[in-house]
J.: 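Below you'll find the structure I mean.
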Amino acid sequence: MSSNKLVISRETAEKILSFRNERNWSQFHNPKDLAISISLEAAELLECFQWSGSDTEVESKHKEMKEELSDIFIYAVLLADRLKINLDEAIHEKIVQNAKKYPVEKSFGKSSKYTEI
């Protein structure tokens, strides 16, 4: 694992939900609009890479990428809360599914889709 912390803590998730609750915004957070918001924020993240040429890292836009990625995760936490999905469990289940689709011996060092390996 890299040295960067990749964890969203329970405390962080609770801050997201508290922020929403303090403003009485839950009433506006239906699954459709939250899913749309995730997609829109993902598009804003992609915008950081637009016209970047061969600079695939776009280090000059790290701050903007951090903000957009944060927005995506915030909306994902809000959607998971609304849909009553335990993100930790869901992610673990998805990793198990992906491990079956992409066994190490067939997929190591390859970017091919599981149907092509």
Side-chain angles (χ1 to χ4, degrees):
M1 182 182 253
S2 70
S3 61
N4 293 331
K5 286 194 166 206
L6 300 174
V7 176
I8 181 170
S9 66
R10 178 178 300 275
E11 177 187 4
T12 299
E14 288 173 359
K15 282 183 181 181
I16 292 167
L17 299 176
S18 291
F19 183 90
R20 175 203 63 197
N21 293 341
E22 288 167 357
R23 289 153 181 81
N24 193 25
W25 286 351
S26 183
Q27 63 183 314
F28 308 116
H29 289 176
N30 61 73
K32 174 192 68 82
D33 288 332
L34 290 168
I36 289 170
S37 295
I38 291 169
S39 182
L40 292 172
E41 295 300 338
E44 289 180 16
L45 177 60
L46 278 173
E47 193 174 24
C48 294
F49 295 93
Q50 187 177 26
W51 313 118
S52 64
S54 62
D55 182 7
T56 59
E57 298 290 326
V58 197
E59 291 181 18
S60 64
K61 295 189 177 178
H62 186 267
K63 180 181 179 287
E64 292 89 344
M65 289 187 280
K66 180 180 174 182
E67 290 176 7
E68 300 309 339
L69 190 57
S70 296
D71 287 337
I72 293 165
F73 272 87
I74 289 168
Y75 281 121
V77 167
L78 293 170
L79 182 57
D81 180 65
R82 176 61 192 252
L83 296 175
K84 310 237 184 302
I85 294 172
N86 179 313
L87 278 175
D88 197 56
E89 287 177 10
I91 290 168
H92 283 276
E93 290 170 7
K94 186 63 177 177
I95 290 170
V96 168
Q97 288 176 9
N98 286 345
K100 290 176 184 173
K101 287 182 181 179
Y102 297 96
V104 173
E105 61 277 1
K106 290 184 177 181
S107 59
F108 186 83
K110 298 177 184 174
S111 62
S112 305
K113 187 173 178 178
Y114 69 95
T115 57
E116 299 172 1
I117 58 172

J.: For atom CD of Q50, decide whether the heavy atoms of other residues, nucleotides or ligands shown that lie under 6.0 angstrom number more than 12.
T.: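 Result for CD/Q50: enclosed.
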
J.: Side chains of R20 and I16: closer than 4.5 Å at any heavy-atom pair?
T.: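 No, too far: nothing below the 4.5 Å cut-off.
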
J.: So which atom in K61 and which in C48 form the shortest heavy-atom distance, rounded to 0.1 Å?
T.: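 In terms of heavy atoms, the two residues are closest at CD-O, 3.3 Å.
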
J.: Is the number of heavy atoms from other residues, nucleotides or ligands within 6.0 Å of CD (E59) greater than 12?
T.: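 It does not: E59 CD has 12 such atoms or fewer within range.
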
J.: Evaluate whether atom CZ of R23 has more than 12 neighbouring non-hydrogen atoms of other residues, nucleotides or ligands under 6.0 angstrom away.
T.: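 Counting other residues, nucleotides and ligands, CZ of R23 exceeds 12 neighbours.
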
J.: Is D71 close to I38 at the side-chain level, that is, under 4.5 Å between some pair of heavy atoms?
T.: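 Answer no - side chains too far apart.
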
J.: Could you walk me through whether Y102 and K110 satisfy the side chain to side chain contact (heavy atoms under 4.5 Å, CB included) test, starting with their C-alpha distance in whole Å, then the side-chain angles of each, then the deciding distance to 0.1 Å, before giving a yes or no?
T.: CA-CA 10 Å; Y102 297 96; K110 298 177 184 174; over 6 Å; no

J.: If you look at every heavy atom in L87 and A76, which pair is closest and at what distance?
T.: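 Scanning both residues completely, I find the closest heavy atoms to be CD1-O, 4.3 Å.
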
J.: Does atom CZ of F73 have more than 12 heavy-atom neighbours, drawn from other residues, nucleotides or ligands, at distances under 6.0 Å?
T.: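 Not more than 12 within 6.0 Å, no.
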
J.: Looking at side-chain heavy atoms only, is the closest gap between D33 and I36 below 4.5 Å?
T.: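 The answer is yes; the side chains approach within 4.5 Å.
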
J.: What heavy-atom pair brings I117 and S107 nearest, and what distance separates the two atoms?
T.: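 Residues I117 and S107, closest heavy atoms: CD1-CB, 3.9 Å.
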
J.: Counting only heavy atoms not in E116 (residues, nucleotides, ligands), do more than 12 fall under 6.0 Å from its CD?
T.: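 Enclosed.
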
J.: Each residue besides F28 in its hydrophobic cluster should be listed here, by chain and number; the cluster joins Ile, Leu, Val, Met, Phe, Trp and Tyr at side-chain heavy-atom distances under 4.5 Å.
T.: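 Noted: F28 shares its cluster with F19, W25.
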
